[in-house]
Structures are given as structure tokens and as C-alpha cells.
Novice: 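Below: one structure in C-alpha cells.
Treat the numbers as computed from the prediction; the structure is a model and nothing was measured.
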Amino acid sequence: MQNQTSPLILSFGVSDPVGAIGIQADLTTFSAFGCHGLSVTTGLLISDTARVEDVQAVDPDWVSDQARVLLEDMSVSAIKIGALGSVENVTAIAEIVSDYPNVPLILDPFISALPEQGMDDEDILTAVRQLLIPQTTLLVLSPVELERLAETWRDADPDDTLQNDVDYLVALGCEYVLVTGMPADASKSGTAEGKLRANTLFGEDGVVRHDQWQHLPGIFNGAGSTLSAAATALLALADNEDDVPQVVVAAQEFTAGALAHAQRHGMGKLVPNRLFRQQRQRGGQ
């Protein structure tokens, strides 16, 4: 790898035989942006195109050893963490990434297609909150996933709001939180206008961006993985972490284009690097 010139990205995640989610999807997305992906498998899926039947977590010593030899051999420009598989994997990965505080870290630990992880589920969430979120540059999750995560530090309370939960995560040390698939207007969530969705980016000063988009018809497996992987690749290409708002815009447009392309095979080729440059020139607007 001595002659490698494209940015290197390390991805922790599950191995999906279908290739729709997990490290296979990450590597494909990284490649679309001209980046080279390195991978550490945290779990093995038994799945087809309809569903994931089971998950076998990888031994944490293997996860740690594989990541260490890669990081000691090559310099990475970004790290993405996906589904983790076990509490022990969370602990091992948190220890590893703590040695690379200057490398952007994108955390997308939820995959809705995965089956319930039983009694260990809350333990995994608590470990993610305590060990990984304080080191995270960009956390990507849905409102439902945020609510589930929030249950690890508070009881259900109608007075608690999404903003309060995000503020808590930012106070822990997470630089940005991207909440995806929100109603564009909560007051219209039960009407036809409710099909208009929004992704909202939060930072230290509150809402940074609120980008609306029209919900596409059909079912897409792996759209969230594509979004977070695109954001990871764009951060690897960015000059500094202050580009996160612009990165999020470009990643959303790339994902929307990928989904539209899946519906219409005759669509022209996406040019993600050019799209990112255009966003930066427009100031991310």
C-alpha cells in the first residue's frame, strides 16, 4: 500500500452477504468517491434480500487485532463505525479509536434490518453512549433510534424533546448529530404533506441545517448505510472537520441520486467529487 494515493477509510461493521448494508455497502460507496476502504468485520449476517435471519458477533480480540494491524500499516483519513455486534466489540473499538483523536469518526450504529439483540441490546447502547459518542465527529440516527438511545439515560417523559436529547449527546462530546427521516413539519405529519421529510443537523449551537426532501416510493434496503458512508468519504476528502455541514448536504444529494438511479436505470452517472466542490462553492446552501 506504499503507493496508495486515494484517501484511506477504515470501516467497522457487519458483513452482509447481499451487499446492501454493512461493510460491503461502505466499500462500494467509498469507491464511488475515489476513496479506498479498509474493513474490520464486527459480525456476520445470515440474510437474503427479504430479511436478516441472524447475526453472529465476531470475537472482540479478532476485531482489535485486525484494526490494529491495519492502522499500524496505513494512515487513514476517516473512520466509520456501523453495527457493533457486542458490548465487547464496543469496548475494543472505543479503545482503538481513542488513539486517533484527529481522525474524523462517523458513527452509524443502528441498522433497522437487524434482528433484536436480546438482553444485551441496552448494554450495547449504554456502551456506545459512554465510550463512542464522546469521540464522535458525526452521529447519524433516526428519531426512533435517538429515542431508543435516550432511554439509556432518562425515563420516558412527554416533557423531554428531541432537542434535549441531542443537547445531551453534544454535551458528551459529539460534535454533530444528524437526525434523519423527520417530518418536515411536525404539525402536518398526519396529512399528505407529511410525506415531505427532513434531515436535521445539530451542533453545539443548535440546528445547523434542516434539509427537506420528498420521500421516494418503494422500499430501500441500505439507504442509511449509503448516507453515512457517503458522509465518511466526503469528510476524508474535506480540508477539515468544519466542512461537516457541507459534507452532509453532498452526502444527502448523493444518496438521493443513488436511490433514484436504483429506480431508473437509465439515469446518468453520478459525479460525487464534483458535486461536493459545487456545494463548497455555494457555501453548502
Side-chain angles (χ1 to χ4, degrees), residues 7-14 21-23 25-27 29-30 33 35-43 60 63-64 66-68 70-72 74-111 124-141 145-146 149 166 168-180 201-204 208 224-248 250-251:
L8 298 175
I9 301 171
L10 180 61
S11 174
F12 294 89
V14 292
I21 58 179
I23 54 176
D26 287 349
L27 298 180
T29 304
F30 299 158
F33 287 88
C35 299
H36 182 78
L38 313 171
S39 60
V40 176
T41 304
T42 59
V63 171
S64 179
Q66 182 60 80
R68 290 291 186 191
L70 287 173
L71 290 168
E72 289 168 4
M74 292 167 279
S75 178
V76 301
S77 298
I79 297 173
K80 181 193 171 186
I81 300 175
L84 292 147
S86 69
V87 173
E88 292 78 13
N89 282 348
V90 176
T91 302
I93 294 171
E95 182 178 348
I96 291 166
V97 298
S98 68
D99 293 335
Y100 301 88
N102 297 322
V103 177
L105 174 62
I106 290 74
L107 178 60
D108 182 15
F110 294 96
I111 297 180
I124 293 175
L125 292 176
T126 300
V128 167
R129 170 173 61 85
Q130 295 176 341
L131 301 177
L132 288 177
I133 286 177
Q135 304 185 64
T136 296
T137 305
L138 175 64
L139 170 64
V140 182
L141 74 180
E145 293 161 351
L146 176 57
L149 180 62
V166 169
Y168 179 89
L169 297 175
V170 172
L172 289 178
C174 185
E175 295 183 39
Y176 293 93
V177 178
L178 179 63
V179 183
T180 63
L201 180 67
F202 298 87
E204 185 178 7
V208 178
S225 296
T226 300
L227 175 62
S228 56
T232 306
L234 288 163
L235 268 178
L237 295 165
D239 294 331
N240 55 68
E241 292 183 10
D242 292 336
D243 289 332
V244 168
Q246 299 166 21
V247 159
V248 166

Novice: Look up atom CG in Asp26 and atom OG in Ser225, then write down how far apart they are to the nearest 0.5 Å.
Specialist: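 If we round to the nearest 0.5 Å, Asp26:CG and Ser225:OG are 6.5 Å apart.
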Novice: Quick one: pull up CD1 in Ile133 and CG in Leu105 and give me the separation to the nearest 0.5 Å.
Specialist: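 One finds 10.5 Å between CD1 of Ile133 and CG of Leu105.
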Novice: Which atoms form the tightest heavy-atom contact between Ala127 and Val87, and what is the distance?
Specialist: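 Minimum heavy-atom separation between Ala127 and Val87: CB-CG1, 4.3 Å.
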Novice: Under the criterion side-chain contact (heavy atoms from CB on, under 4.5 Å), which of Leu10, Ile23, Ile9 is the partner of Ser39?
Specialist: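 For Ser39, the side-chain contact (heavy atoms from CB on, under 4.5 Å) check succeeds only for Ile23.
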Novice: If you apply the rule side chain to side chain contact (heavy atoms under 4.5 Å, CB included), what do you find for Val103 with Val76, and how did you get there?
Specialist: CA-CA 7 Å; Val103 177; Val76 301; 4.1 Å; yes
Novice: Under the 3.5 angstrom rule, does the side chain of Thr42 hit a backbone N or O of Gly13 as a donor-acceptor pair?
Specialist: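 Judged by distance alone, yes, a pair lies under 3.5 Å.
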Novice: Quick check for you: to the nearest 0.5 Å, what is the distance between Phe202 atom CZ and Leu169 atom CG?
Specialist: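 Between Phe202 CZ and Leu169 CG, I get 10.5 Å after rounding to 0.5 Å.
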Novice: Do the non-hydrogen side-chain atoms of Phe12 and Ile79 ever get within less than 4.5 Å of each other?
Specialist: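 Answer yes - side chains close enough.
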Novice: Within the distance-only criterion (no hydrogens, no angle test), does the side chain of Asp108 pair as donor or acceptor with the backbone N or O of Gly82 below 3.5 angstrom?
Specialist: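 Flag not set: sc Asp108 to bb Gly82 has no pair under 3.5 Å.
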Novice: Does Leu107 form a side chain to side chain contact (heavy atoms under 4.5 Å, CB included) with Leu138? I'd like the steps, not just the answer.
Specialist: CA-CA 6 Å; Leu107 178 60; Leu138 175 64; over 6 Å; no
Novice: Identify the heavy atoms of Thr137 and Pro104 that sit nearest to each other, and give their distance.
Specialist: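 Distance-wise, the nearest heavy atoms are OG1-CA, 3.5 Å.
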Novice: Looking at CD of Gln135 and CG of Leu172, how far apart are the two atoms once the value is rounded to the nearest 0.5 Å?
Specialist: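 Interatomic distance, Gln135 CD to Leu172 CG, rounded to 0.5 Å: 12.0 Å.
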Novice: Atom CG in Leu149, atom CG in Leu139: separation rounded to 0.5 Å?
Specialist: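 Leu149 atom CG to Leu139 atom CG measures 7.5 Å (nearest 0.5 Å).
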Novice: Less than 4.5 Å apart, any side-chain heavy atom of Thr180 and any of Leu141?
Specialist: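 Thr180 does not reach Leu141 side chain to side chain.
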Novice: Locate the shortest heavy-atom distance separating Val14 from Ala83; write the atom from each residue and the value.
Specialist: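 Closest heavy-atom pair between Val14 and Ala83: CG1-CB, 3.8 Å.
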Novice: Tell me, with the steps shown, if Leu84 and Leu132 meet side chain to side chain contact (heavy atoms under 4.5 Å, CB included).
Specialist: CA-CA 11 Å; Leu84 292 147; Leu132 288 177; 4.0 Å; yes
Novice: Got a second to check how far Glu88's CD is from Ile93's CD1, nearest 0.5 Å?
Specialist: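 These two atoms lie 11.5 Å from each other.
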Novice: So which heavy atom on Tyr176 is nearest to which on Pro245, and how close?
Specialist: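 Result for this residue pair: OH-CD, 4.2 Å.
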Novice: So which atom in Glu95 and which in Arg68 form the shortest heavy-atom distance, rounded to 0.1 Å?
Specialist: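 Heavy-atom minimum between the residues: O-NH2, 3.8 Å.
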Novice: A side-chain contact here means heavy atoms from C-beta on lying under 4.5 Å apart; do Leu201 and Val177 qualify?
Specialist: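 When only atoms from C-beta onward are counted, Val177 and Leu201 do not touch, as no gap falls below 4.5 Å.
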Novice: Under 3.5 Å, side chain of Thr232 to main-chain N/O of Ser228, donor-acceptor pair present?
Specialist: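 Yes, the answer is positive, given that a donor and an acceptor are paired below the 3.5 Å cut-off.
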Novice: In the structure I gave you, are the side-chain heavy atoms of Leu38 and His36 within less than 4.5 Å of one another anywhere?
Specialist: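 In short, these two side chains touch, coming nearer than 4.5 Å.
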Novice: Closest heavy-atom contact between Phe30 and Ser11?
Specialist: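 The answer is CE1-CB, 3.9 Å.
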Novice: Quick one, Phe33 and Pro7 - any side-chain contact, counting heavy atoms below 4.5 Å?
Specialist: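 Heavy-atom side-chain distance check fails, nothing below 4.5 Å.
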Novice: Check whether any side-chain heavy atom of Ile96 sits under 4.5 Å from a side-chain heavy atom of Ser64, and report yes or no.
Specialist: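 In short, these two side chains touch, coming nearer than 4.5 Å.
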Novice: Apply side chain to side chain contact (heavy atoms under 4.5 Å, CB included) to Cys35 and Leu8, showing your working.
Specialist: CA-CA 6 Å; Cys35 299; Leu8 298 175; over 6 Å; no
